[in-house]
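We count ligands from 1, going down the list as the structure has it; atoms in each ligand are counted the same way.
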Amino acid sequence: MQTYAQFLQDRYNVGSEGPLADFLSRRDGRLLLGDTIDLNELAARYGAPLEVVYTPQITAQVTRMKGYAAQAREAVGYTAPFLYAYATKANFAAEAVRTALKAGVHYETSAAADVEVAHMLWREGILPSDRLIFANGSKEMHYLDAILRLRIAGNGNIVPVLDDLDEFQLLQRAQLPFRFGVRERAAGNRDGTHYGNDRFGLSSEEILFVAEALKSSRHSLVVYHAMIGSQVEDREHFVAMLRQSVENYARLRKQVPSLRYFNFGGGVPTSGYDLGFEFDYVGFLTDLMTVVKETCERFNVPVPELIGEFGRYTVANHVVQLLEVGQVKAGESGTADWYLLNGSMMVSAPDSVLVDQEFVVLPLEGWERSAREVRFGGRRTCDSDDVYPRPNRPALVLPEQGKGMVVAVCGVGAYQSMISGRGGAHHCLAPEARRVVIEEVNGKLIFTEVPQQSLEAIMQLIGYDSPRPASLPAMLPGLRDPRLPAPVGRVVAPRTRLQRSSRSTVLPRVAASL
Ligand SMILES: *Cc1c(COP(=O)(O)O)cnc(C)c1O
C-alpha cells in the first residue's frame, strides 16, 4: 500500500519534510504557512473549523514580485519602471489592503464602494498620495460620483480607466484635470476562452475618439489597459495574447505623447490552487518586457512604465481554512468514500462550486498512513452540491482513517470570503468559522481572534427580532456544559435520558465541538 507521503512524492515530487509550495512547508511533521505559522499547533489550540489569516504572506508576495520585475528589467535592459497594483476586489479585508499598501502597492478599484474605501484610506494616510488608483469596470453614477469626489478632494492620482463613452462624456466635464486610461476591449477575449471578459473596454475606434477629444482638453490620456484573463498559467500564451495590445499601445503612443503606462491588468497566477503549480514569473516578465521593448523600438516610441494589477496573486495564499473530517461514509459501489466535513466547502470556498476552482488540500497528520481516494461532502449544508472536488473532477487523495483528521484548504484568501460574504447568514446558516488573524507589527507577530459566528447573530440578520435559542443544556454526552443545571425538556436527539416533553425544543448547538 502506498502511503500518503509516497503519493505526494510520486505525484508532485515533494518530500514529507521541507518546502511543498512557495507558501507552504512541512517541518518536524508540522504544516507551516509561510514557513512560520504552525497549522498543527493552531488546530490543537483552537480546534477546527478555523480560518487562519497570515498577512505577512501578502508582504512576501508583493516583495517577491518586485524582485522578479527587477531581475527582468535588468535582463532586458528595460529602462521604465514596473508598478505593482493590488486589485482590491480579491480581498477587501482591512488587514489585507493595509498590508499590501504598506508593502508599497498601487491601488485598483472595481466598483463605487471600492473608491469610497480608497478615499477613506487616503484621508487616513494609509493610502499614500503618491500611489496611483486605477478605476476599472463599467461605471454607474455612484462610481463616477465617488471618482469625482476623490478628485475634487485633491487626489490627482485617481485614474479612471474608461469602459464606455458615456463615462467619458461625464468625467471630461470635470473642472479639475483628470489623467485617463483606456481599456482595450479586444484583449478581453482574444483567445476565445474568456467569454465575459470582452464586455469590458473600448473598441479601437472608441479609443481613437477619446484620444482625439482629449487632445484639446485640460485632461490627458496616460494609461493603456489590456487584460487578457485570470490565472493564466501558460506564460508564452500570456505574452502572445498581449503582443497585439502592445502594438496597439505603441501605435497610439505615436499620436498621444502623454501616454506613459502599459497596464496588463490581472491574470498573473497564484500557486495556491495546485501543488503541481509551476510558473516562471521572471520568465514571463522578461518575455513581456522584451516584446514591449522591441515593439516600441520598431514604432520609435519610448518604452512605457509597466503596470500589473495583481489580485489573486497578492492574497490567495495568506488564508487557510482548517476543516475537520467529522464522519466517513462508504461511497456507493465503486466510487470514492466520503469524508464528511464539519464545515462546508460551498460556504468556505464558494468558487469550488461557482467556477470549478480547485485548491491545495493537505492533511495536517497521517502522512505515514495509506493513501486513498476520497471526496468531501459538507455536513453543515445538507446540499447535494456541497461536494468537492466537482463530480467531473478526479477524487482527492488523502490518508485513510479520516475521521477526526484536520485538513488544510489553502489558497482561499482571494475572492472566497468576499463572494461568500462576511458576517452574513450563509447557506443552511452554516456559521463562519473562528478566525485567527496574524499580522506583523514592529517585527512581532500579533494574533487577533474573532470567535465563531453565533447562531443568535445569524438569526437576527434574517429577521428574528430577539433570537433566543432555547438555553437548555446539551443532552449528548460530551456536549454537556458543566455550568448548566441538569437537563430538562424535550430533545430531538437519539438516546436521551429525559423524554418528558416541555414547551421548548433544543436548538442544535452550532458549536465547533459538535
Ligand atoms: C479582477 C481584476 C484584476 C485581478 O485579477 P486577478 O486575476 O485576480 O489577478 C485585475 N484587473 C482588473 C481590471 C480586474 O477586473
When D385, D351, D356 are each screened for salt bridge (charged side-chain N to carboxylate O under 4.0 Å, His left out) with R390, the one that passes is D385
If you take the centroid of each ring, where Trp contributes its six-membered ring, are F279 and Y281 closer together than 6.0 Å?
yes
Looking only at protein heavy atoms, what sits closest to atom 9 (O) of ligand 1 is G311 N, 2.9 Å
Heteroatom proximity flag, G267 to ligand 1, N/O under 3.5 Å = yes
If we number the atoms of ligand 1 from 1 as shown, the ones under 4.0 Å from a heavy atom of R312 are 6 (P), 7 (O), 8 (O), 9 (O)
The answer for which part of F200 has a heavy atom under 4.0 Å from ligand 1 is neither
Rounding to 0.5 Å, atoms NZ (K215) and OG (S258) come to a distance of 10.0 Å
Atoms of ligand 1 under 4.0 Å from any heavy atom of N136, numbered from 1 in the order shown, are 13 (C)
Among Q231, E309, H225, closest by heavy atom to atom 11 (N) of ligand 1 is E309
If you scan protein heavy atoms around atom 3 (C) of ligand 1, the nearest is K89 NZ, 3.4 Å
For atom 5 (O) of ligand 1, the closest protein heavy atom turns out to be Y415 OH, 3.5 Å
*asked:* Looking at ligand 1, is there an atom of it that comes within less than 4.0 Å of some heavy atom belonging to F134?
replied: no
*Just checking, any donor-acceptor pair under 3.5 angstrom between side chains of E309 and H106?*
no
Near A87 (heavy-atom distance under 4.0 Å), the atoms of ligand 1 are 3 (C), 4 (C), 10 (C)
Centres of the F284 and Y68 rings: under 6.0 Å? no
Going by the 4.0 angstrom heavy-atom rule, the piece of S230 near ligand 1 is both
Hey, are the side chains of S352 and F359 touching, using non-hydrogen atoms and a 4.5 Å cut-off? yes
So CD of Q453 and CZ of R422: to nearest 0.5 Å the spacing works out to 10.5 Å
### Task
Please state whether the rings of F178 and F180 are parallel, tilted or perpendicular, taking 30° and 60° as the class boundaries.
tilted
Per-atom filter on ligand 1: closer than 4.0 angstrom to a heavy atom of R183 are 13 (C)
